[in-house]
Amino acid sequence: MRCAPSRVRSQCGALGSGPGVCTGGNLPLLWVQPGESGGRREHRARGFALSVGVTRHALLAGWGRGSGCTATAAQRRRRLAGCRHQTTTPSMPWAEPGLRRKRRAAAPRRLVPRGFSMAAVFADLNVPGAPERKSLQSLLEAAAHLGYSTVAINHVIDFKEKKQEIVKPISPSELFPSLPIVQGKSKPIKIVTRLTLVVSDPSHCNVLRSTSTNIRLYDIIAVFPETEKLFHVACTNLDVDLICVNVTEKLPFYFRRSSVNMAIDRGVYFELLYTPAIKDSTMRRYTISNALSLMQICKGKNIIISSAAERPLELRGPYDVANLGLLFGLSESDAKAAISTNCRAVLLHGETRKTAFGVVYTKKTHRASEEEGVLPVRKKAKTEV
Amino acid sequence: MVRFKHRYLLCEIVSEDPRCRQCVDERAVGAAAKDAVARTHGDYGLACCSIAFTVKYLNAYTGIVLLRCRKDFYRLLCSALPFITYLENRNQRYSCFFNTLHVGGTIRTCQKFLVQYNRKQLLLLLHNCTSEEERQSIQKSLLSCCLKEVEEEQSQSGDEEDDTAETD
């Protein structure tokens with residue numbers, strides 16, 4: 001029994017038959033046509049889900065729940081009854097392409113973007129670390145009120161100024177004993193640490209290769225290249241998670257497709273800031289022009305948008321930031337991904353650096369002084385970024 | 001049926017200044033939104049968005065605003081709202097920003113969303129409140145809005161039971 005691929009991509013869920021994706025709760029659950037052999041049905045269902053737009057993270061997360069258990073009892077009965085009569089035809093009758101479009105239109109239309117109703121975790125990966133605790137606390141409270149689940153506190157190291165040392169990152173649990181709870185969820189906001197290196201000379205990159213400095217303790221490492229050569233080096237060789245794109249002045253160099261494609265293959269993301277655009281009109285023009293030139297080369301992949309908000313009034317909610325992404329030339333789904341799934345991918349990328357590509361995970365536990373040098377080693381399943 | 005379709009944007013005005021909430025009114029909010037659209041999208045954007053642009057609902061205590069515009073041009077308005085940085089009222093500026101909560105096609109859907117949102121806000125307030133009397137007043141309001149729902153459900157199920165009893 002073969003279904004044409006176009007037939008598989010039909011309306012999902014409402015008829016209760018055929019392979020479909022149903023968002024039961026937060027994770028997409030799949031059900032498949034009974035009566036097919038195991039491997040082929042999983043392959044087809046996975047392909048169907050990916051064509052519908054379920055992200056790979058969600059697919060991996062929801063697959064374990066098992067197929068075939070999401071439909072209600074009535075739907076299951078109907079499906080089994082249908083299959084008993086039809087032996088050779090698929091349970092979804094073949095429809096002409098024109099009719100198929102009408103049937104899809106009968107599904108309930110949503111005006112709130114669809115991507116936000118599934119596991120919607122928003123992150124703001126650039127919050128400048130102010131020296132005073134109170135301003136940082138108010139920033140965090142504003143971010144939690146707006147709905148951000150993860151915030152990265154940024155320390156900028158500029159090598160042009162006199163020699164600066166890379167300090168150990170302050171652990172967020174020491175700074176803030178009680179973290180505000182994220183609006184709409186019941187967990188407190190999560191804080192990660194981030195380091196940004198402003199490089200204008202190739203010798204500045206040596207700091208990334210040395211293993212003895214405190215760089216290893218940061219969760220995310222970003223680099224801000226100022227020349228074209230450094231941009232190319234950052235895309236191809238450097239061990240970073242983010243490459244910052246300059247938004248405050250006209251780009252001194254053009255992006256090259258080769259470097260950008262290599263960065264996309266490696267899993268390095270490009271970062272755009274939006275706070276300068278809100279503050280000043282000329283910065284807004286530079287931001288939009290730089291963003292559009294980047295967009296033309298990378299076609300909207302591997303982009304994250306973050307604020308560099310110093311005051312809580314400069315933060316914007318995730319829905320507004322996604323609309324800003326539309327202004328920057330992203331498509332709607334890319335703009336939504338730029339603040340949710342891509343940020344999560346950056347966090348995972350940073351984690352793999354700590355854990356040797358996500359295979360081995362070591363954790364230091366405080367033991368008595370007798371067992372000082374022994375660290376327990378735990379194996380962690382390989383996480384796909 | 002030919003009718004004009006609109007989009008209703010439900011926004012929340014977030015501000016640090018406590019005086020901002022009391023001095024905000026519909027004209028100031030409308031002027032700020034139009035000004036932002038003009039700055040972002042120019043004369044064309046301003047002309048498109050002001051076809052059926054009104055401020056339908058404004059709650060000064062919670063800072064909730066409901067804006068209306070035509071469905072064809074709502075993207076211009078949506079993308080210009082993050083650029084609002086202050087509200088001006090009687091030559092006094094209050095810095096604030098707009099946080100978009102929901103985009104709906106009718107006022108009723110926005111109202112449904114707003115009711116749920118306010119319930120969640122009440123729960124958050126309950127979590128954060130400090131003094132005892134505040135806590136009790138919030139608990140009373142929470143109970144009243146939740147009990148009302150339960151009462152409605154009970155009355156509905158009571159009607160159904162009556163119907164089934166009659167048919168029996």
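Since the structure is predicted, the reported quantities are computational estimates derived from the model, not experimental observations. Chain A is the first sequence line, chain B the second, and so forth, proteins listed ahead of strands; every chain is numbered from 1. Both backbone and side-chain heavy atoms feed into the values below; hydrogens, waters and symmetry mates do not.
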Query raised in the report: What is the minimum heavy-atom distance between A:Leu327 and B:Thr40, and which atoms define it?
Result: CD1-CG2, 4.1 Å
**Report entry** Region of B:Cys11 in contact with chain A, defined by heavy-atom distances below 4.5 Å
**Finding:** neither
**Report entry** Neighbour count above 12 (heavy atom, 6.0 Å) for B:Lys112 NZ
**Finding:** no
Query - B:Phe98 side chain near A:Arg316 side chain, heavy-atom distance below 4.5 Å - result: no
Report task. Mind running side-chain contact (heavy atoms from CB on, under 4.5 Å) on B:Asn99 and A:Tyr319 for me, showing each step along the way? Result -> CA-CA 8 Å; B:Asn99 177 23; A:Tyr319 193 73; 6.0 Å; no
Query raised in the report: Is it the case that more than 12 heavy atoms not belonging to B:Glu88 sit under 6.0 Å from its CD atom?
Result: yes
Report task. Would you kindly say whether A:Asn323 and B:Ser79 are connected by a side-chain donor-acceptor distance under 3.5 Å? Result -> no
Query raised in the report: Are B:Glu16 and A:Arg311 close enough that some pair of their side-chain heavy atoms sits under 4.5 Å apart?
Result: no
Query - From CD (A:Glu332) to CZ (B:Arg75), nearest 0.5 Å - result: 4.5 Å
Query - Proximity breakdown for A:Ala277 and chain B, heavy-atom pairs closer than 4.5 Å - result: both
Query - Closest contact, heavy atoms only, A:Leu313 versus B:Phe97 - result: O-CD2, 3.5 Å
Report summary line: Correct closest heavy-atom pair for B:Phe83 and A:Ile278 would be CD2-CA, 4.1 Å
Query raised in the report: In terms of heavy-atom proximity below 4.5 Å to chain A, should B:Leu123 be classed as side chain, backbone, both, or neither?
Result: neither
Query raised in the report: Between the side chain of A:Asp320 and the main-chain N/O of B:Pro82, is any donor-acceptor distance below 3.5 Å?
Result: no
